[in-house]
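The first residue in the sequence is number 1, and the count goes up from there. As the structure is a computational prediction, the values presented were derived from the model and not from experiment.
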Amino acid sequence: MLTVEIERLGLRPGDRVLDLGCGDGRHTRYLRQLEGVTSVAVDLGREEVEKTHGLLSFMDAIGPEQGGPHEAAGPWVVLRADGYHLPFPDNTFDCVILSEVLEHLHDDDAALHELSRVLKPGGRFAISVPRQGPEAVCWALSSDYHNVPGGHVRIYRRAALKAKLTAHGYEVTHSHFAHALHSPFWWLKCAFGPNREQDPLPVRLYHKLLVWDLMKAPFLTRSLEKALNPLIGKSVVMYATNKG
């Protein structure tokens, strides 16, 4: 399930896109369906890089007739790298995606500065972080939710995130909320304890609902999430242009 709405990025053949903190490569896998777009997925975690590489390789192996990439899809590469010191020259990318990453970084300003370096002037930037309200509920219910190695180190207010992007030379053009159905799941998980060996029945049942929604995308849950996103969307997503 995507957090960033890729169609808002206006990508064209020949564009190079950096998916920083790619995780399992969900956004990069979508980019592989676009004609002529070069995808560069980067993460610090070895497991994340290996999983993303494996999934992209599998997509190429099955071909477009079985859901693989478009025949005219651009090249891709997966790298393990530090987001504070990216191994790319200045002005390398036409677009950068940073989804659910900034809240993990102790020096978010340094990371944004490095992204500005590798993003071309006029390039597009899509960023998402946990939304203040739902995230604050999780923190209130359980300190274990965020107080773990690699966990969330801060909560962003929407206005503060926009101000931070502006200070780094970006013009925010649009924003929205996403994943409203995920907020109650995390509230339940935090209420029962997020690090239990086995989740209790209510958490397991809700997880099954989310998996069913992901696989089937039924009209009812898609419509419900769209209606609830402005109220309890788990993530806030912003789209911006690098003013250079």
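Residues passing the side chain to side chain donor-acceptor pair (under 3.5 Å) test with Arg12, sequence neighbours excluded: none.
Other members of the hydrophobic cluster containing Leu214, listed by chain and number, are Met1; membership follows side-chain contacts under 4.5 Å among ILVMFWY residues, whether direct or relayed. Taking Ile, Leu, Val, Met, Phe, Trp and Tyr as hydrophobic and joining them when side-chain heavy atoms fall under 4.5 Å apart, one finds Leu201 in a cluster with Leu205.
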Less than 3.5 Å apart, which donor and acceptor atoms pair up between the side chains of residues 42-51 and the rest of the protein, not counting sequence neighbours?
residue, atom, partner, partner atom, Å
Asp43, OD1, Gly45, N, 2.9
Asp43, OD2, Cys22, N, 3.2
Asp43, OD2, Gly23, N, 2.9

Which side-chain N or O atoms in residues 192-200 pair as donor and acceptor under 3.5 Å with protein atoms at least two apart or in another chain?
residue, atom, partner, partner atom, Å
Arg196, NH1, Phe192, O, 3.2
Asp199, OD1, Lys189, NZ, 3.0
Asp199, OD2, Lys189, NZ, 3.0

Under 3.5 Å donor-acceptor pairs involving side-chain atoms of residues 227-235, not counting sequence neighbours:
residue, atom, partner, partner atom, Å
Asn229, OD1, His179, N, 3.2
Asn229, OD1, Ala180, N, 2.9
Asn229, ND2, Glu225, O, 3.4
Lys234, NZ, Glu135, OE1, 3.4
Lys234, NZ, Tyr145, OH, 3.2
Ser235, OG, Glu100, OE2, 3.1

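Classified by interplanar angle (parallel below 30°, tilted 30° to 60°, perpendicular above 60°), the ring pair His207/Phe185 is tilted. Taking the six-membered ring where tryptophan is involved, the planes of Phe88 and Phe93 are perpendicular, since the angle between them exceeds 60° and thus also 30°.
Interatomic distance, CG of Leu165 versus CD1 of Ile127, reported as 5.5 Å (0.5 Å rounding). Note that CG of Leu224 is 9.0 Å distant from CZ of Arg222, once rounded to the nearest 0.5 Å. Expressed to the nearest 0.5 Å, how far CG of Asp15 lies from CG of Leu34 amounts to 10.0 Å. The structure places NE2 of His53 at 4.0 Å from CH2 of Trp76, a figure rounded to the nearest 0.5 Å. Between Leu115 atom CG and Asn242 atom CG the span is 10.0 Å, to the nearest 0.5 Å.
Using a cutoff of 4.0 Å between basic side-chain nitrogens and carboxylate oxygens, Arg26 and Asp19 are not scored as salt-bridged.
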